[in-house]
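Just below is one structure, and these are the notes that go with it.
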Number of protein chains: 2
Amino acid sequence: MASIIDVAKKAGVGIATVSRTINNSGYVKKETREKIERIIKEVGYVPNEIARSMTLQKNNIVAFILPNSTHLFFGELLYYVEEELYNQGFKMMICNSSMQTEKDLSYIDLLKKNRVDAIILLTNNDVESQLDKRLPIVSFDRKFDGVPFVSSDNHAGGVMAAKHLIKKGCKNIMFIGDDAQGLHTNVSTEVSKRRIGFLEELKRNGIDKVINIEYPLGNYIYIPDYVHELIQSHPEVDGIFCISDAVAAEVILNLEKNGKKIPEDVKVIGFDGGRSFINLGKRITSIGQSPKLIAEAISEIIVKYYLKEKVENIIVPVYFQNGDTA
Amino acid sequence: MASIIDVAKKAGVGIATVSRTINNSGYVKKETREKIERIIKEVGYVPNEIARSMTLQKNNIVAFILPNSTHLFFGELLYYVEEELYNQGFKMMICNSSMQTEKDLSYIDLLKKNRVDAIILLTNNDVESQLDKRLPIVSFDRKFDGVPFVSSDNHAGGVMAAKHLIKKGCKNIMFIGDDAQGLHTNVSTEVSKRRIGFLEELKRNGIDKVINIEYPLGNYIYIPDYVHELIQSHPEVDGIFCISDAVAAEVILNLEKNGKKIPEDVKVIGFDGGRSFINLGKRITSIGQSPKLIAEAISEIIVKYYLKEKVENIIVPVYFQNGDTA
DNA sequence: TTGTAAGCGTTATCAC
DNA sequence: GTGATAACGCTTACAA
């Protein structure tokens with residue numbers, strides 16, 4: 001493939017002049033420029049970005065480590081982040097960690113070798129101790145010491161959910177979440193603030209007794225059997241806040257199978273919102289996160305890293321999304 | 001950041017020896033190796049992959065250009081392709097073209113500059129004329145002259161759908177697809193074979209008159225109003241094959257709104273299959289594509305490119321997925 | 001076994 | 001305005 005040297009030779013100029021022409025930097029006489037541009041077309045020259053990265057010591061690549069692009073919300077997030085970064089002149093590498101700690105770590109290692117300009121980290125694994133804090137990392141929904149993070153306003157979301165259930169007259173309330181990490185790690189994600197905000201708001205309204213079901217994060221989708229049994233053992237419950245729409249969907253199916261009418265008998269609120277277009281049934285009432293706003297926030301931090309400016313955490317607002325289940 | 005030279009100096013050896021140690025190539029005396037490895041740890045040296053790409057003229061990056069990772073099937077495909085490529089030692093760059101021809105092209109251009117080792121192209125845009133056929137491209141669900149492609153066995157899928165509707169006793173059959181490209185381009189995707197296989201099998205069974213509704217590809221999700229009207233103007237229809245589950249979902253909602261019972265009055269089959277976990281209603285009966293098999297096929301072609309072996313098209317089998325709508 | 005040096009394709013600094 | 005040339009960090013003949 002033609003290089004800058006070939007172009008220079010053919011045009012009878014030095015490589016520096018060609019470089020200036022390509023990059024629109026420094027002075028180049030008009031005729032020289034035109035000649036060079038003609039030759040570039042002629043030989044089909046395409047600048048080598050790798051060589052450029054080499055000299056400039058940056059490659060304009062950002063990597064996104066996430067558990068699974070199959071998860072609908074993550075897929076959306078991925079889309080918006082890529083779009084935003086593209087507009088800022090970055091390319092994006094995607095790294096599916098499949099929720100395995102070793103894969104998280106081996107990716108971080110790989111990305112170090114590749115000298116990516118920034119890493120977006122979305123993980124529930126216990127990687128804190130092995131994280132090189134000098135790396136330009138931005139974390140989503142998770143706080144690491146010394147690493148800036150972006151997250152939705154989970155606390156406010158929990159409050160919203162509580163307010164809605166109270167307004168609807170619910171008396172026996174339950175929380176269900178798959179963010180308990182106690183079994184094999186001691187990480188605590190920002191996501192747990194959904195529960196905290198929820199419980200606080202209930203308490204403010206005199207509701208102290210809430211049935212709190214938490215279980216360890218699995219694949220983000222399916223609920224372990226014993227949790228289903230726990231739900232059934234509380235027929236008095238008339239309002240449930242679930243930590244995600246995926247969990248809410250499972251819970252609703254369980255309740256309906258056991259003869260409950262949703263939302264008449266039990267109101268159920270989820271978290272995530274947005275659309276899921278292959279949906280023939282009820283729309284889940286939910287606290288919505290905005291993947292677009294989140295993407296903008298992440299991108300903002302990355303640009304600041306790039307410009308060597310000071311970076312700060314960003315909390316993105318959530319919204320109440322009306323549906324058919326509460 | 002420490003470079004190979006720093007390590008060499010500190011270890012009192014030449015850089016070639018360090019390089020040999022890192023890459024496990026050539027002879028290095030055991031003690032020398034051990035010393036070098038110690039120093040590497042000491043100074044926190046991480047090989048620079050960019051420099052390596054420079055020398056080796058390959059960077060082990062594969063790019064995936066696709067319309068939208070938000071689309072559930074694409075999100076799944078993305079996941080499996082990434083996983084497969086990771087196992088083969090490749091990193092993956094993701095490029096959302098948002099269905100814009102210019103973005104497709106500007107990405108291809110970008111990837112040329114970045115000297116990626118292969119490009120996976122998933123597009124419905126008319127880019128044929130501007131495609132550099134010397135590039136290592138593998139196309140999904142789309143035939144370009146001189147470019148190897150992977151696709152599901154769409155024709156067999158169409159046949160399966162026809163067989164099922166016939167078995168269920170349908171007499172007045174309709175096809176609905178959003179793959180008509182006539183309006184602004186003249187591309188024809190592999191996807192149109194779903195319709196062809198479907199119609200052929202019906203004809204073999206004496207069913208000649210099929211109501212064929214095709215409309216231009218939009219965002220893969222929503223159906224234009226006039227198509228909804230067309231559907232309503234055929235109340236005699238009792239069996240419908242839709243080109244995707246997304247389309248099927250819209251069609252089913254339309255029919256139910258107009259008082260039809262699914263599947264009692266009308267049987268509806270979609271295409272894509274797999275799971276969509278936030279689904280509280282009926283499961284769509286569908287012809288399933290296997291994102292995992294597709295990913296393996298794509299990866300197989302890429303590895304062949306890499307080894308400079310001859311590449312060939314690969315057709316992946318589909319399967320019938322029972323659901324509640326047919 | 002090991003070290004020297006060429007080469008990969010750029011950009012940027014300095015003379016001219 | 002322009003052209004040598006050093007530098008970026010690595011791999012790999014080739015020599016020793």
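In the text below, chain A, chain B and the rest are named by the order of the sequence lines, each starting its count at 1. Treat the numbers as computed from the prediction; the structure is a model and nothing was measured.
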[Y]/[X] salt bridge by N-O under 4.0 Å criterion:
{"X": "A:K133", "Y": "A:D145", "answer": "no"}
{"X": "A:E37", "Y": "A:K41", "answer": "no"}
{"X": "B:K292", "Y": "B:E296", "answer": "yes"}

B:S98: partners by side chain to side chain donor-acceptor pair (under 3.5 Å), with sequence neighbours left out: A:Y79
Set of side chain to side chain donor-acceptor pair (under 3.5 Å) partners for A:S299, sequence neighbours left out: none
Contact state string [nucleotides 8-16 of chain D, B base, S sugar-phosphate only, - no protein heavy atom under 4.0 Å]: BBBBB----
Pairs where residues 300-314 of chain A contributes a residue and the test side chain to side chain donor-acceptor pair (under 3.5 Å) is met, not counting sequence neighbours: A:N60-A:Y306, A:K310-A:E312
Sugar-phosphate, base or nothing in reach of A:T32, heavy atoms under 4.0 Å: sugar-phosphate
Under 3.5 Å donor-acceptor, A:D109 side chain and A:L105 backbone: no
Set of residues satisfying side chain to side chain contact (heavy atoms under 4.5 Å, CB included) with respect to B:I40, sequence neighbours excluded: B:V7, B:I22, B:I36, B:Y45
First-last contacting nucleotides on DNA chain C - partner chain A, under 4.0 angstrom, heavy atom: C:dG9 to C:dA12
